[in-house]
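Read the structure below first, then the notes.
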Amino acid sequence: MNPLLEQFLSESRDAIQSIGEKLLQLETAPNDEALMGELFRLVHTLKGNSGLFELPEMIRVLHAAEDLMDTVRAGEASYSQDLADQLLEAMDFVSAVLDEIQQAGTDSLPADAERSAAALDLAGSLKQLKPEKAQPETLTSTNPATDTATESATEAAEAANDADQDLALAQVPEAVRMHLFERMLAGETFFWICYQPEEGCFYKGEDPLFQIIQLPTLAWRALSAREPWPAAEALDAYRCLLRFECITAMDREGLLEHFRYVPDQVQIRPIALDDLPIPSGAEHDAVPVADYLQSAMASLHQGDLPSLIQSSKVLLELTAPELRIASAMRWLLLLLETQPEDQRLAAALLQRIRQQEDPAATSMPPTATSANAATGVSAMPQPESIAIDEHLTGILQTQAEILALDDHPDWLPGRLHAVAASLRAAFRCLGQEALLAPLEQALEQALEQTHPQPLRAWLEVNGAPYLASAANAMAALESQTASPAPDDATSLDSSPEVVTASTPADAAASAQPPARKFGRRLEDSYAAPSSIKVDQTKIDTMMNLIGEMIVAKNALPYLAARAEKVFGVRDLAREIKAQYSTIHRIADEMQDAIMQIRLLPVSFVFQRFPRLVRDTANKLGKEVHLVMEGESTEADKNVIESLADPLVHIIRNSLDHGLETADERRAAGKPPTGQLSIRARSESDRVVIEIADDGRGIDPDTIRRKAYEKGIIDEQALERLSDQEAVNLVFAAGFSTAAKVSDLSGRGVGMDVVRNAVAQVNGSIDLKSEFGKGTRLRLSLPLSMAVSNVMIIQSAGQRFGVSMDAVAETVRVPEANIQLIKQQKTTVLRGRVMPLMALNDLLGLDQPQVANDDREFAVLVVRLEHDFLGILVDDCLETVDIILKPLAGFLGSIKGYAGSALLGDGSVLLVINPRGLL
Amino acid sequence: MKRILVIDDAATVRLYHREILEKAGYQVAEAINGLEALEKIEEAPFDLYLVDINMPKLDGYGFLRALRQREMPQAPAIMISTESSDSDRQAALVAGANLYILKPTRPEHLLPYVQSLLGEWQRT
């Protein structure tokens, strides 16, 4: 997977996580504007990021979410639970898409009908939550603000893609264009539409052809392929490569509505009058145009239309009708005939003919004098226009806009410098280095006067040739938006006051916050929290390496002993020992450091709970108040992760079985809202997590009866069991107290699964319940599982390890004190009867246990839940710290062993899991 | 080598721009918000700024205003935004941007602007 995609996935996951948290926080503080702003920013960033990839469905959903958040933020819609539900669902969807990407390792996911249907669905329901403002029949314009935004977006794109449209319109037959021209003169408006359905559209139930033929009032349409069709045998008929183009008289609202499900695949652009006169046809080589152009320009210049018409007619008769120049003449005549007053288009057309038919003429560089000479005739485009590339035009245009701003902020000098820097760069690109010295002078003057005027004058003179070519494109924009673009090139000698007065910059300037706010002190006080993200496999690898190093380190004392005993070099042995102590200290510190890295706060697991509790309580129709404490308590990553599932199960149980509905609670004299608390804290080297509710508690009698019915206990036990013991029966395998299996808990797994999961990480669980008052579960877990302290024991001539967590004590029991009760060896330890089992029997080793010379057996007393069991071994040796590695592969299923470890002398120690042995 | 500062709170966007710009032969530095950007320019000014609008702590407008107030060589700044409305564009220009571009920025779209504002663009 490429790093960009990886970054995207991880950042998106974080964002989704935070969005979830923020939504829940908003539930308690729905009017918190800062929170709302933060939430909006997160959704916004998420959407912005997905825009970099091919993820149409995700963008669709996020776009709808962002839109909705925007209206909420603006106070047009209010925050509601419904809204939160929808947004959470949308985030679930996004998560699912992210998972898919993660799995596929690429952002180009195959089209999937289910996914896109879900996306449409979600986007639809998000949209529905937005307040209706407009007429119900105009579905797309429920929010005027967004509509304007989309519209101006389309318009910006329109300007940028003017060249495309030129090309597109050139393919429309001349007769059709002329007809359109006349109808537009009569006041009709037309839009050019290019609809390129996405390749997988057939899988989404879209019908592009139907979309197009459903369009009313079509003036023209065409169908083409976006790329050459592959050979027949390689053709994928389900991959849509079509491009539909058409011209329609339908209005923009209608079109947006018509294409509302595929807005990203449709370009809609208004057709301007001057888009239409495009001479089309075959090129020629023999027609003498140069003379004609010269006289035509002159005639137009002097306003001598009759002679222009005359000479154009002559040229038209002279040329074959299919030639481009003939087409141009036809257009020219049409323009002169229909618009004798306004010769702007005619002049532009002549210019165009000149560029196309007589390229030599246009290659002459324009001069400032030519721009200033043509002041008399208003119909002529004033300066010679030079077509340059769109982005350079854009840059010049924008600088002109900036210089036309009417505000006088503190940062005006900086702004002027920046504009000058931009202009410097742009003119260097244009190859106009000679103009740079005057630019510097203009900048200096502007700085002296603290007014942009000198720079503006410079740009107006020197930028005019370039800006003129963009003026046409801008004209369309200016007519529809209140753009503060400077007046076009005709305002060359208008006074600055006139131009600045026409720019609505004041509003924007006054709307911005005071500038001094961003002083220096604010910056100085800022210190970013510096943390890095590391892949967990890297940490695991490091952990393993450190583990191995610790074991390797333990070989040094053996080496020292060998040096002394085998090779007889005592001095060397001493040096090795000295070196060992240094390495030992460093290794210990390293291990400590890596443990610190692996520590995670329990909030890692806890953060899921607010939503879990909320969703579950909603489903059950209960009112629950969740209290969480000690989320910053830390424990090893493995321990924390192993906690997740048991805790979810416990919480579900509490919500489902423990807490009552509001009515039941009132009847019992409790407040209607149930209380569920999850508290974490550390106690010496263990983490304790308590989950308590004030629900109905566990009825020991019900448990006794159930357990008896299910055959878990016999009749005697029924009588004998204390209430506490009865309550603990819920941990017995196959026990389920709920009368009916509900959707939430009770899926056949019960508390025994929870207990086993906790036991797996050497944890213990403790349940206290008071009938009618509530239940409290207490989980106690080790801080870390990475290094275990084990006791080495000997049995049948082999060494084994037993986790010290399991060992309560070791005792020596004389053979005479071991009695057989019902075939079971037992002994009495401090007045209590304790069952005894021989390790060799448990392990299936065919040897008797060996007693010591005093006929005493070594007994390992292990704690199992609340009982003690004695395991007979041959001898108990020392305790060591080891790095426990679980048995892998086929051996992994052997329950009797917790894993293996390397000892300092290089031998392997098998570590017994007493619980698994029984 | 020309130095460009990319300021965006979204790490994905920063990486995206970094890849485009580095491939085009520029040296790229990143800042996660306006404040960090101001710290970065304290060390040395850049030749061009790519600025996101919506960022925590100090947004793009705030950064540009602060930048333009500094006594230092002023380089062009491109504001990159998802908002196509005219008032957003206007506000960006007022604050000190020299260009306003909409997200997502495709390389073939972004690079000519970057190169032009650095005086390095050549007509093909």
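None of these values were measured; they are calculated from a predicted model. Every heavy atom of this structure was used, including side-chain atoms; hydrogens, water molecules and symmetry mates were not.
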*Please name the pair of heavy atoms, one in Ala425(A) and one in Ser116(B), separated by the smallest distance, quoted to 0.1 Å.*
CB-O, 3.1 Å

*asked:* Nearest 0.5 angstrom please: Ile395(A) CD1 to Ile78(B) CD1, how far?
replied: 7.0 Å

*Side-chain H-bond candidate by donor/acceptor type, Thr12(B) with Gln7(A), under 3.5 Å*: no

_Segment of Phe40(A) engaging chain B (4.5 angstrom heavy-atom cut-off)_ = side chain

*Atom pair CD (Glu401(A)) and CG (Leu99(B)), whose distance is rounded to the nearest 0.5 Å*: 10.0 Å

*asked:* For Ala77(B), which atoms come within 4.5 Å of any heavy atom of chain A: side chain, backbone, both, or neither?
replied: neither

*So do the side chains of Asn98(B) and Thr398(A) get within less than 4.5 Å of each other, counting heavy atoms only?*
no

*Measure distances from Leu15(B) to the heavy atoms of chain A and classify the residue's part below 4.5 Å as side chain, backbone, both or neither.*
both

*Value rounded to 0.5 Å, distance of CD1 in Ile402(A) from CD in Gln90(B)*: 10.0 Å

*Using non-hydrogen atoms and a 4.5 Å limit, figure out which bit of Asp52(B) sits close to chain A: side chain, backbone, both or neither.*
neither

*Salt-bridge test for Asp410(A) and Arg68(B): reply yes if a basic N is under 4.0 Å from a carboxylate O, no otherwise.*
no

*asked:* Can you tell me which portion of Met72(B) sits under 4.5 Å from chain A's heavy atoms? Options are side chain, backbone, both or neither.
replied: neither

*If you measure from CG on Leu4(A) to CZ on Arg18(B), what distance do you get to the nearest 0.5 Å?*
12.0 Å

*For the residue pair Asp407(A) and Val94(B), establish whether any side-chain heavy-atom pair is separated by less than 4.5 Å.*
yes

*Where on Pro56(B) is there a heavy atom nearer than 4.5 Å to chain A: the side chain, the backbone, both, or neither?*
both

_Counting only non-hydrogen atoms closer than 4.5 Å, does Gln115(B) touch chain A with its backbone (N, CA, C, O), its side chain (CB onward), both, or neither?_
backbone

*Checking heavy atoms, do the side chain of Ala11(B), its backbone, both or neither come under 4.5 Å from chain A?*
both

_Quick one, Arg415(A) and Leu93(B) - any side-chain contact, counting heavy atoms below 4.5 Å?_
no

